[in-house]
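These notes are about the structure you will find just below.
Along the sequence shown, the residues carry numbers beginning at 1.
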Amino acid sequence: MGGARPTSGRVSMAMVAGRAGVSGQTVSRVVNGSPRVDPATRARVEKAMVELGYRPHRAARALRTGRTQTIGLVVTTLATVGNSRMLQATAEAAEERGYALLLVTAGDTVSDAFERLRDQGVDGAIVLNEASALATAEDRPQGLRLVVVDAPADSGLLVVHSDHAGGAAAATRRLLALGHENVWHLAGPADSFAAAERERGWRETLQTEGITPNPLVRGDWSAESGYLAAVELAEATAVFSANDQMALGLIRGFAEQGHVVPDQVSVIGFDDVPDAANYRPPLTTVRQDFTALAVAAVDALVAEIEGEVTEVAASDQDVRRIIGTRLIERHSTARA
């Protein structure tokens, strides 16, 4: 047995070294993520840290490494379920890599948010979803490393995003396979990269099948906008909604009009929020893997911070990671 955890006082690096049977320098290398530690030794040191309840002193480490071990997260809103889930997943992924997370909100531009983050001394930042539409390489303060979630590949920045178009195509194909002659689309905001990609996947799938897409109806990601859209979609027999919240509002709006889902109209959402399976009816939807998305973004940023990759050049258009999506079939769809 390794002995009891100290009952008082701060656990020191020397105490960890003693428990693990290594030098203090080896413990320091593990704490600072150095690759110059063999896996077995690293595992022994990490086990000793857990047993003793050791927590690295961020201020001291910042003095040694010149890094604060803090990354920023830039958002425009946390009102959407997707953004809230990304916040949680990013915080967890950052903690796994030994980084704290600092949240800032962006207004009409991200420049002020970046300046606030630089003033806080963060090592880098992740720009999330709608804020990505506002971010360009020119906005980045000198030396601030960035990864954007959901942005065009030509933004000149390191990009991570879900396969929005592929997920939308899968949803549209499923509705066509159920015998629906056309598929209507309840789209997200016009300035959203994710919404634009989901619209593209829907539109291109219909056009490939020789079907002229109906005019889309645009919402703002909220359930209320989906509810209001039910009037404009009253003639629809199948609707692909760009997110689950709008789909939920749409189903309520249809019910109030006397349109039964799925007997008279089929609905598919996007995201697979935690309550999607408990809607009435349970919602068929496209699942985004928020955990994988957050891990990919954090890993890419930490690699930049810790010098594992070279700085992304503005001319490099292919530095991006795409996370797959999956259609989850439940009971909000039926044969036409």
>> If I compare all heavy atoms of Trp221 with all of Ser192, which pair ends up nearest, and what's the gap?
In response: CZ2-OG, 3.5 Å

>> Testing the 3.5 Å rule here: is there a donor-acceptor pair between the side chains of Asp272 and Thr285?
In response: no

> Is any NZ, NE, NH1 or NH2 atom of the basic residue among Glu199 and Arg218 found under 4.0 Å from an Asp or Glu carboxylate oxygen of the other?
Replying inline: yes

>> For Asp271, is there an ion pair with Arg287 - N to carboxylate O distance below 4.0 angstrom?
In response: no

> With the 4.5 Å side-chain cut-off for hydrophobic clustering, are Trp202 and Met246 part of the same group?
Replying inline: no

>> Please tell me whether Leu176 and Leu216 are part of a single hydrophobic cluster in this structure, the criterion being side-chain heavy atoms less than 4.5 Å apart.
In response: yes

> Val75 and side chain to side chain contact (heavy atoms under 4.5 Å, CB included): which partner among Val104, Thr105, Val127?
Replying inline: Thr105

> Just checking, is any N or O donor in the side chain of Ser23 or Thr26 under 3.5 Å from an acceptor N or O on the other one?
Replying inline: yes

>> Applying salt bridge (Lys or Arg N to Asp or Glu O under 4.0 Å) to Asp299 and Arg97, what does each step give before you reach the verdict?
In response: CA-CA 8 Å; Asp299 284 352; Arg97 295 298 300 265; 2.8 Å; yes

> For Tyr279, which residues count as a side-chain hydrogen bond (donor to acceptor under 3.5 Å, both in side chains) partner, sequence neighbours excluded?
Replying inline: none

>> As an exercise, state the distance from CZ of Arg321 to CG of Leu158, rounded to the nearest 0.5 Å.
In response: 11.0 Å

>> Tell me whether Ser84 contacts the main-chain N or O of Leu78 through its side chain, where contact means a donor paired with an acceptor under 3.5 Å.
In response: yes

> What's the verdict on side-chain contact (heavy atoms from CB on, under 4.5 Å) for Asp289 and Thr325, showing C-alpha distance, side-chain angles and the deciding distance?
Replying inline: CA-CA 7 Å; Asp289 190 337; Thr325 55; over 6 Å; no

>> Would you say that Val217 contacts Val239 through its side chain, given a criterion of any heavy-atom pair below 4.5 Å between the two side chains?
In response: no

> Under the 3.5 angstrom rule, does the side chain of Thr90 hit a backbone N or O of Met86 as a donor-acceptor pair?
Replying inline: yes

>> Just by distance, no angles: are the side chains of His185 and Asn214 close enough, under 3.5 Å, to form a donor-acceptor pair?
In response: no

> Within a strict 4.5 Å, meaning less than it, do heavy atoms of the Leu283 and Val267 side chains meet?
Replying inline: yes

